[in-house]
Amino acid sequence: MVAYREATAEQAAFLDDLLGAGLFVATEVDGLYGQGAAFARVLTGFDGAVSRLAAADAMESMHFPPLLTRYQLETNGYLGSFPHLAGTVFSFEGRDGEAAEQESIAARHEDWSRFQTMSDVVLAPAACYPVYPEIAKRGVLPDGGVTVDTGAAWVFRNEPSRDPARMRSFHMREFARIASPDDILAFRNLWLARVTGLVGRLGLTAASEIANDPFFGRAGRMLAANQREQELKFELVAQIGGPEPTAIASFNYHQDHFSLVYGLGFADGGVAHTGCVAFGVERVVLALFRAHGLDPQRWPSEVRAELWP
Ligand code: AMP
Ligand code: ZN
């Protein structure tokens, strides 16, 4: 069974408000929502504001589909750290009779998984994962390293909940940096300051915190403690469903994890490390609706100007 995350009463009430206002469109399952026009417009506006923050930087844009190759999921360590969050794509490879059988079992909503075969693609759990193997393919890094803008990509995390901020599919906008350790830390600090400034101008009260990833199992608790101790992950948290604030963006230093997996390095033998800044785009949009009300026409003019200059 999947780990169902209970929502607080406040979170569930906010979900009902979003559905009632047509900002979210319900499906049969928790954590999977369509987005109404006003929600989508704020999402695009915020994505634009993030692009303006990055406008002066030398970056390469690399947009991927919401799928990752199964090979990369098997290579990058995700199944060790987050097996509970991954989603794999299966499809039908059978014959005529099996297709008919599958259809009739499925039509009764019974278990038709035996007709399905694992394919060579999985759902992308983060926007930055396809970037590292691609950069590695090019050979040694240029001086100063590389920064890649993934755009707002649909990603998947298997954590159903009635907390509207915990979705199974949402947009992640990432800036991935592959560079010297010092450059990664400078990049992370720069973006922490930039994003703190932006969310302040958007009228959100946000705080930065040392954080850890939701590593799986008993070994995961050690990994999480180590990550905190070394201050490898920061999150910007803001009020969404409440009562606790929720992470709207993360600032991650992977040290040599991806460099070792993919053999990333400089021509002179210098070590390359990686880091990324990841926005949970829907969560920022939800925090805006929470802070300013469900009708963006009535939001403060400074906030509107920041989203739609
Ligand atoms: P992470 O890579 O886990 O740090 O995720 C990056 C950002 O994505 C987080 O800071 C959240 O804002 C957002 N995020 C992560 N999981 C979810 C989820 N289940 N639903 C919505 N947003 C999420
Ligand atoms: Zn990332």
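Predicted model only: the values in this text are computed from it and were never measured. Whatever order the structure lists them in is the order used to number ligands and atoms, beginning at 1. Only this structure's heavy atoms are used, side chains among them; waters, hydrogens and symmetry mates stay out.
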**Message:** Out of all atoms in ligand 1, which are within 4.0 Å of some heavy atom of A278? Include the element for each.
**Reply:** 6 (C)
**Complete:** The expected count of protein N/O/S atoms at less than 2.8 Å from the Zn ion (ligand 2) is 3
**Fill in**
re atom 19 (N) of ligand 1, the protein heavy-atom contact at minimum distance is E159 OE2, 2.7 Å
**Request:** Would you mind checking which non-hydrogen protein atom is closest to atom 12 (O) of ligand 1, with the distance to 0.1 Å?
**Result:** A247 O, 2.9 Å
**Message:** Please confirm whether A126 approaches ligand 1 to less than 4.0 Å, judged on its heavy atoms.
**Reply:** no
**Within 6.0 Å of CD in E229, more than 12 heavy atoms from elsewhere** = no
**Request:** Please say whether the positively charged group of R177, taken as NZ for Lys or CZ for Arg, lies over the ring of W191, i.e. under 6.0 angstrom from the six-membered ring centre and within 45 degrees of the axis.
**Result:** no
**Item:** Contact check: S250 vs ligand 1, nitrogen or oxygen atoms, below 3.5 angstrom
**Value:** yes
**Asked** Who's the nearest protein heavy-atom neighbour of atom 7 (C) of ligand 1, and how far?
**Response** G280 N, 3.9 Å
**Request:** Please write down residue, atom name and distance for the protein heavy atom closest to atom 3 (O) of ligand 1.
**Result:** R157 NH1, 2.8 Å
**Prompt:** What atoms of ligand 1 come closer than 4.0 angstrom to any heavy atom of A249?
**Reply:** 10 (O), 12 (O)
**Prompt:** Near M172, which atoms of ligand 1 are under 4.0 Å from a heavy atom of that residue?
**Reply:** 5 (O), 6 (C), 8 (O)
**Item:** Identity and separation of the nearest protein heavy atom to atom 15 (C) of ligand 1
**Value:** F170 CZ, 3.7 Å
**Item:** Any donor-acceptor N or O pair under 3.5 Å, side chains E244, Q239
**Value:** no
**Message:** Looking at E60 and R138, is there a salt bridge between them, counting it only when a charged N and a carboxylate O are closer than 4.0 Å?
**Reply:** yes
**For W154, all residues meeting ring-ring contact (aromatic ring centres under 6.0 Å, His included), sequence neighbours excluded** = H171
**Prompt:** Can you name the nearest heavy-atom pair linking L288 to L202, along with the distance?
**Reply:** CD2-O, 3.5 Å
**Message:** Quick test: of every protein heavy atom, which one is nearest to atom 21 (C) of ligand 1, and how far off is it to 0.1 Å?
**Reply:** A165 O, 3.1 Å
**For I248, the ligand 1 atoms whose distance to one of its heavy atoms is below 4.0 Å** = 10 (O), 12 (O)
**Message:** Would you call the rings of Y262 and F258 parallel, tilted or perpendicular, taking 30° and 60° as the class edges?
**Reply:** parallel
**Request:** Identify which one of H273, R188, K233 satisfies the side-chain hydrogen bond (donor to acceptor under 3.5 Å, both in side chains) criterion when paired with Y253.
**Result:** H273
**Complete:** atom 22 (N) of ligand 1 sits nearest the protein heavy atom R283 NE, 3.2 Å
**Asked** How long is the span from the CD atom in E10 to the CG atom in L15, to the nearest 0.5 Å?
**Response** 13.5 Å
**Item:** R166 near ligand 1 by a heavy-atom separation under 4.0 Å
**Value:** yes
**Prompt:** Any non-hydrogen atom of R168 lying under 4.0 Å from ligand 1?
**Reply:** no
**Salt bridge flag under 4.0 Å for residues K137 and E134** = yes
**Request:** Measure the distance from atom 20 (N) of ligand 1 to every protein heavy atom, then report the residue, atom name and distance (to 0.1 Å) of the closest one.
**Result:** M167 N, 2.8 Å
**Request:** Check whether any N or O atom of K233, backbone or side chain, sits under 3.5 Å from an N or O atom of ligand 1, and answer yes or no.
**Result:** yes
**Request:** Answer yes or no on whether R157 is positioned over the face of F170, meaning its NZ or CZ is under 6.0 Å from the six-membered ring centre and within 45° of the axis.
**Result:** no
**Request:** State yes or no: do V237 and V281 share one hydrophobic cluster built from I, L, V, M, F, W and Y residues joined by side-chain heavy-atom distances below 4.5 Å, directly or via other members?
**Result:** no
**Request:** Using atom types as modelled and distance alone, determine if a side-chain donor or acceptor of T27 lies under 3.5 Å from a backbone N or O of L32.
**Result:** yes
**Item:** N-O pairing of R173 and D149 below 4.0 Å
**Value:** yes
